[in-house]
Chemist: 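Here it is, the structure, as structure tokens.
Quick note: numbers below take in every heavy atom, side chains included, and nothing from hydrogens, waters or symmetry partners. We name chains A, B, ... by the order of the sequence lines, and we start the count at 1 in each one.
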Number of protein chains: 2
Amino acid sequence: MRSPQSHRNGDAPSPQPRIQTPHFQSTIAVQKLRRFNTLILVFRVAAFCFSLAASIFMITNSRGSNSPHWYNFDAFRFVVAANAIVAVYSLFEMVASVWEISRGTTVLPEILQVWFDFGHDQVFAYLLLSAGSTGTELARTLRGRETCTANDGFCLQSEIAIALGFAGFLFLGLSSLLSGFRVVCFVIKGSRFHL
Amino acid sequence: MRSPQSHRNGDAPSPQPRIQTPHFQSTIAVQKLRRFNTLILVFRVAAFCFSLAASIFMITNSRGSNSPHWYNFDAFRFVVAANAIVAVYSLFEMVASVWEISRGTTVLPEILQVWFDFGHDQVFAYLLLSAGSTGTELARTLRGRETCTANDGFCLQSEIAIALGFAGFLFLGLSSLLSGFRVVCFVIKGSRFHL
């Protein structure tokens, strides 16, 4: 981490190294913050992809008029709703992350942004896990009934959608850890810069 | 917060206030840490009570040999297991909190303790929510079947047990926020003292 910075700041030997030290340190902090934000962005993209895929897999799970539909089951509707909400939220957060990485400022005022991110990450992670668990229990119940023996494809596709939702939850949980870290940095230091 | 401290430290007017300032500040920090730990302890006690009650309510849910038993349903077994695990964990954490409040040191080495608390709080909160959601879905499914029409008491008691589990989850989630705060204090400042 130190060496690329040294190269970047060290194009010419400086006669006054002590005066440049604060700028040097703040540049490192900005670089680290950018890496941190890039990591959050990666998690956001993954959460978006998985939750969107989960919604689409569940919504497209209709095989003719004789087959059962996802909207006939409350738990599957919950899975679709939770994943769709998380997909929309992750899309917004992706835009916010790209904005922050490219411009160096947050979309909302800083204090609002860190609390908004952390609060929503926590709540939506719990929401997604709850939907996944509920969907899993229904899928397991259906496996023992004639619904699945007559329409195996319907049950299989439901299970895949639920599994994709769990993957989305995993990445949202990781984002939640990082955004929680930013909140506490902000509370303690008055800035989301953690160095 | 400032006034009781002033009274306590201000029995006699001090001729050298500047020398006493560090001790004064560290006393305030210790007092605040103690209040913070007391709050965690309250959440731990609540989580323990609710999760223990949930387990007991579910385990005692057997009404003769003709009635269904909780162990016949996977989801209810999951509810019992998750709540029992959280009850045992909360009991340990209660002891650790009381130890910390009374002696001023953590049971495990400090770095281990803060990470242990936070990691387990997070995982067990998700576990409890997952168990609660799964149990809720099964309870809803059973409501539409003859199990509940023939044995309404069984279904009602199951639902109460699941609701108690959700209350336990709520307090465990709150503990998780506080222990997360302690982890980040430790990461940033090298101490669980947040002031």
Side-chain angles (χ1 to χ4, degrees), chain A residues 29 36 72-79 82 114-115 118-119 121-145 147 158 162 165-166 169-170 172-174 176-195, chain B residues 29 36 72-79 82 114-115 118-119 121-145 147 158 162 165-166 169-170 172-174 176-195:
Chain A
F36 187 81
N72 297 333
F73 302 95
D74 285 345
F76 289 164
R77 282 192 289 189
F78 183 24
V79 170
V114 293
W115 280 108
F118 176 62
D121 281 354
Q122 282 279 317
V123 170
F124 288 150
Y126 284 126
L127 178 75
L128 213 51
L129 180 69
S130 180
S133 302
T134 310
T136 305
E137 177 57 26
L138 178 61
R140 290 189 69 243
T141 309
L142 289 179
R143 273 274 164 224
R145 288 196 203 170
T147 314
S158 305
I162 292 164
F166 275 118
F169 157 73
L170 186 71
L172 192 60
L174 290 172
S176 158
L177 285 180
L178 296 186
S179 59
F181 189 78
R182 285 203 340 166
V183 163
V184 184
C185 286
F186 191 82
V187 168
I188 291 177
K189 299 204 160 189
S191 160
R192 68 192 193 285
F193 287 74
H194 60 290
L195 278 174
Chain B
F36 187 82
N72 297 332
F73 303 95
D74 285 345
F76 290 164
R77 281 192 290 188
F78 184 22
V79 170
V114 293
W115 280 107
F118 176 62
D121 281 354
Q122 282 280 315
V123 171
F124 288 150
Y126 285 126
L127 178 75
L128 213 51
L129 179 69
S130 180
S133 302
T134 310
T136 306
E137 176 57 24
L138 179 61
R140 290 190 68 243
T141 309
L142 288 180
R143 274 273 163 224
R145 289 197 203 169
T147 314
S158 304
I162 292 164
F166 275 118
F169 157 73
L170 185 71
L172 193 60
L174 290 173
S176 158
L177 286 180
L178 296 186
S179 61
F181 189 78
R182 288 208 331 170
V183 163
V184 184
C185 286
F186 191 84
V187 167
I188 291 177
K189 298 205 160 190
S191 159
R192 70 191 191 284
F193 287 74
H194 59 291
L195 281 174

Chemist: If you round to the nearest 0.5 Å, how far is OG1 of A:T134 from CG of B:L138?
Modeler: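 Answer rounded to 0.5 Å: 11.5 Å.
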Chemist: Write down the atom of B:L129, the atom of A:Y126, and the distance for their closest heavy-atom approach.
Modeler: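 Residues B:L129 and A:Y126, closest heavy atoms: CD2-O, 3.2 Å.
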Chemist: Is B:V183 close to chain A through its backbone or its side chain, or both, or neither, when contacts mean heavy atoms under 4.5 Å?
Modeler: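 Looking at B:V183, nothing touches chain A.
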Chemist: Working to the nearest 0.5 Å, report the span between OG1 of B:T141 and CD of A:E137.
Modeler: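 So the OG1 of B:T141 and the CD of A:E137 are separated by 6.5 Å.
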Chemist: Given that the side chain runs from C-beta out, which part of B:F166 has a heavy atom under 4.5 Å from chain A: side chain, backbone, both or neither?
Modeler: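 Neither part.
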Chemist: At a 4.5 Å cut-off on heavy atoms, which part of B:S130 comes close to chain A: side chain, backbone, both, or neither?
Modeler: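 B:S130 touches chain A through backbone and side-chain heavy atoms alike.
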Chemist: Work out which heavy atom in B:F181 is nearest to a heavy atom in A:V187; give both atom names and the distance.
Modeler: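 Shortest heavy-atom separation between B:F181 and A:V187 comes out as CE1-CG1, 4.0 Å.
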Chemist: Where does A:F118 contact chain B at under 4.5 Å (heavy atoms): side chain, backbone, both or neither?
Modeler: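 Interface part for A:F118: side chain.
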Chemist: Hey, is CZ on B:R140 packed in by over 12 heavy atoms from elsewhere, all under 6.0 Å?
Modeler: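 Open.
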Chemist: Under a 4.5 Å heavy-atom cut-off, does chain A meet the side chain of B:F169, its backbone, both or neither?
Modeler: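 Only the side chain of B:F169 comes within 4.5 Å of chain A.
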